[in-house]
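To start, the structure itself, in structure tokens.
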Amino acid sequence: MEKKLFIFDLGNYNMKLTNTLCIRNDYLEFNSNDENFQSYDIEFNGKRYKFGTDTKFFKDQDKINREQLPMILYGINKCCQAQDIEAYLFLGVPNDEFVLRHLLIDRLKGKSFSYKDFKDVRYNVVMKDVKVYREGTGAWFTIDSRIRNSKNIILLDIGGRTVNVIVSRKGIMESNYIKTIRDCGMIQVYRDLNLQYSKQISKRQGEDTIHLVPDLIESGLINLKDDCYASILRKITDTICSNIEYIPNFEIYDIY
């Protein structure tokens with residue numbers, strides 16, 4: 001049995017995995033006896049999952065109570081091809097959900113899971129240990145240690161639904177100022193762009209098409225040099241600023 005450490009950031013749109021992998025985490029789910037689907041990534045607990053195809057954002061407001069297991073098993077499979085794995089798992093959650101981390105740990109720690117891939121290869125994973133970290137701290141540790149230890153820093157970890165705020169002074173995190181700003185991430189940017197470019201998207205009345213925005217940006221149909229994009233970002237940054245100006249001596253910090 002291969003022992004391996006996995007560090008996962010399970011976002012609303014993609015998964016950041018061990019070994020710098022980044023993959024789409026949206027998926028189609030269907031019963032294993034459904035013959036309409038000819039391919040899938042993993043089969044687990046009587047269901048098959050095809051990742052990177054559904055292009056829908058997660059609608060749950062919290063990560064602790066979301067069904068994470070299919071994504072975690074798929075992530076493990078992408079990072080390690082061993083068929084028997086003893087997994088040591090680090091999972092990120094928003095700062096304001098950290099107090100509920102035991103709920104996520106209890107669902108996984110010490111449990112064994114079996115699944116197979118499209119080639120009918122069987123995998124077994126034992127979740128030997130599970131730890132949960134505040135999402136912003138992972139980003140904080142990517143800053144050069146010489147800078148972290150000598151500067152006063154406000155770090156903004158901008159995700160899909162949240163912006164996680166970490167404050168540190170010369171290498172020491174200020175726990176009193178750790179914060180999560182909700183409904184202020186990239187999904188809000190996509191939502192505003194969706195309204196602005198409704199004609200280009202051919203949006204029908206009542207249709208939710210914000211999941212199309214990233215692909216339209218990549219294809220060039222949405223031009224990020226347009227003035228409207230600057231105004232959309234300005235609205236987001238104004239919201240962020242209003243939520244961090246409470247920090248005493250705000251002017252002494254560098255913002256990352």
Side-chain angles (χ1 to χ4, degrees), residues 9-16 22 57-64 66 92-101 132-198 208-214 216-218 222-256:
D9 180 354
L10 307 177
N12 290 285
Y13 185 71
N14 57 34
M15 294 191 290
K16 280 73 71 180
C22 185
F57 297 114
F58 285 101
K59 296 181 179 178
D60 298 342
Q61 288 295 323
D62 63 278
K63 290 188 178 180
I64 290 291
R66 181 189 302 167
V93 299
N95 290 331
D96 58 355
E97 295 180 36
F98 188 70
V99 294
L100 300 174
R101 60 193 180 278
V132 176
Y133 65 92
R134 303 176 192 269
E135 287 181 342
T137 58
W140 185 78
F141 276 107
T142 66
I143 300 173
D144 188 291
S145 60
R146 291 168 295 182
I147 296 175
R148 292 201 315 265
N149 294 329
S150 63
K151 299 280 188 177
N152 301 320
I153 292 171
I154 296 173
L155 181 132
L156 306 173
D157 181 8
I158 301 174
R161 292 186 181 277
T162 62
V163 176
N164 289 289
V165 181
I166 298 292
V167 179
S168 66
R169 299 190 68 174
K170 295 183 177 171
I172 299 175
M173 290 189 187
E174 301 284 326
S175 58
N176 291 337
Y177 306 124
I178 289 175
K179 184 173 184 176
T180 296
I181 308 170
R182 288 197 170 265
D183 298 318
C184 190
M186 289 307 300
I187 290 179
Q188 184 60 52
V189 175
Y190 295 159
R191 187 176 290 118
D192 291 342
L193 284 169
N194 186 57
L195 291 173
Q196 185 68 36
Y197 289 92
S198 58
D208 182 6
T209 52
I210 64 166
H211 60 279
L212 299 177
V213 171
L216 295 176
I217 291 173
E218 188 172 342
I222 291 180
N223 184 3
L224 298 187
K225 294 182 180 180
D226 288 351
D227 290 341
C228 69
Y229 184 58
S231 64
I232 288 170
L233 288 187
R234 192 174 299 112
K235 184 175 74 171
I236 294 292
T237 55
D238 286 347
T239 301
I240 293 173
C241 287
S242 67
N243 275 273
I244 63 176
E245 288 176 343
Y246 69 94
I247 298 170
N249 301 315
F250 176 78
E251 66 280 355
I252 71 171
Y253 292 91
D254 293 334
I255 296 179
Y256 283 77

[X] vs [Y] side-chain heavy atoms within contact, under 4.5 Å:
| X | Y | value |
| --- | --- | --- |
| Ile154 | Tyr256 | no |
| Ile181 | Cys184 | yes |
| Lys170 | Asn152 | yes |
| Val165 | Leu155 | no |
| Ile244 | Phe250 | yes |
| Ile153 | Tyr253 | no |

Which donor-acceptor pairs under 3.5 Å do the side chains of residues 134-143 make with protein atoms, sequence neighbours left out?
unit_1, atom_1, unit_2, atom_2, d
Glu135, OE1, Asn164, ND2, 3.1
Glu135, OE2, Lys63, NZ, 2.4
Thr137, OG1, Arg134, O, 2.5
Trp140, NE1, Ser168, OG, 3.0
Thr142, OG1, Ala139, O, 2.5

For this session: Enumerate the residue pairs fulfilling salt bridge (Lys or Arg N to Asp or Glu O under 4.0 Å) with a member in residues 136-159, sequence neighbours excluded, ordered by first and then second residue.
Result: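 Pairs touching residues 136-159 that pass the test: Asp144-Arg146.
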Exercise. Do any pairs count as a salt bridge (Lys or Arg N to Asp or Glu O under 4.0 Å) and have a residue in residues 244-256, sequence neighbours left out, and if so which ones?
Worked result: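 Checked against salt bridge (Lys or Arg N to Asp or Glu O under 4.0 Å) - neighbours excluded - no pair reaches residues 244-256.
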Exercise. Side chains of Asn243 and Lys179: do they bring a donor and an acceptor to under 3.5 Å?
Worked result: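 Yes - a donor-acceptor pair under 3.5 Å links their side chains.
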Problem set entry | Backbone N/O of Pro94 and side chain of Thr162: donor-acceptor pair under 3.5 Å |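 Side chain of Thr162 to backbone of Pro94, a donor-acceptor pair under 3.5 Å: no, none is there.
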For this session: State whether the side chain of Asn149 and the backbone N or O of Ser145 hold a donor-acceptor pair below 3.5 Å, judged by distance alone.
Result: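 Between the backbone of Ser145 and the side chain of Asn149 there is a qualifying donor-acceptor contact (under 3.5 Å).
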Closest heavy-atom pair and its distance - [X], [Y]:
| X | Y | answer |
| --- | --- | --- |
| Arg161 | Ile187 | CG-CD1, 3.9 Å |
| Phe98 | Val132 | CE1-O, 3.3 Å |
| Asp96 | Thr180 | N-OG1, 3.1 Å |
| Tyr246 | Tyr177 | OH-O, 3.2 Å |

Problem set entry | Set of residues satisfying side-chain hydrogen bond (donor to acceptor under 3.5 Å, both in side chains) with respect to Tyr197, sequence neighbours excluded |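 Asp226.
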Problem set entry | Set of side-chain hydrogen bond (donor to acceptor under 3.5 Å, both in side chains) partners for Arg169, sequence neighbours left out |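 Testing Arg169 for side-chain hydrogen bond (donor to acceptor under 3.5 Å, both in side chains), a comparison that skips the adjacent residues, returns none.
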Exercise. Should we say atom CG of Asn176 is surrounded by more than 12 heavy atoms from elsewhere, each under 6.0 Å from it?
Worked result: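 For Asn176, atom CG is crowded (more than 12 foreign heavy atoms under 6.0 Å).
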Per-pair distances, 0.1 Å, donor-acceptor, side chain in residues 234-241, under 3.5 Å, sequence neighbours excluded:
unit_1, atom_1, unit_2, atom_2, d
Lys235, NZ, Asp192, OD1, 3.4
Lys235, NZ, Asp192, OD2, 2.9
Thr237, OG1, Leu233, O, 3.1
Thr237, OG1, Arg234, O, 2.9
Thr239, OG1, Lys235, O, 3.1

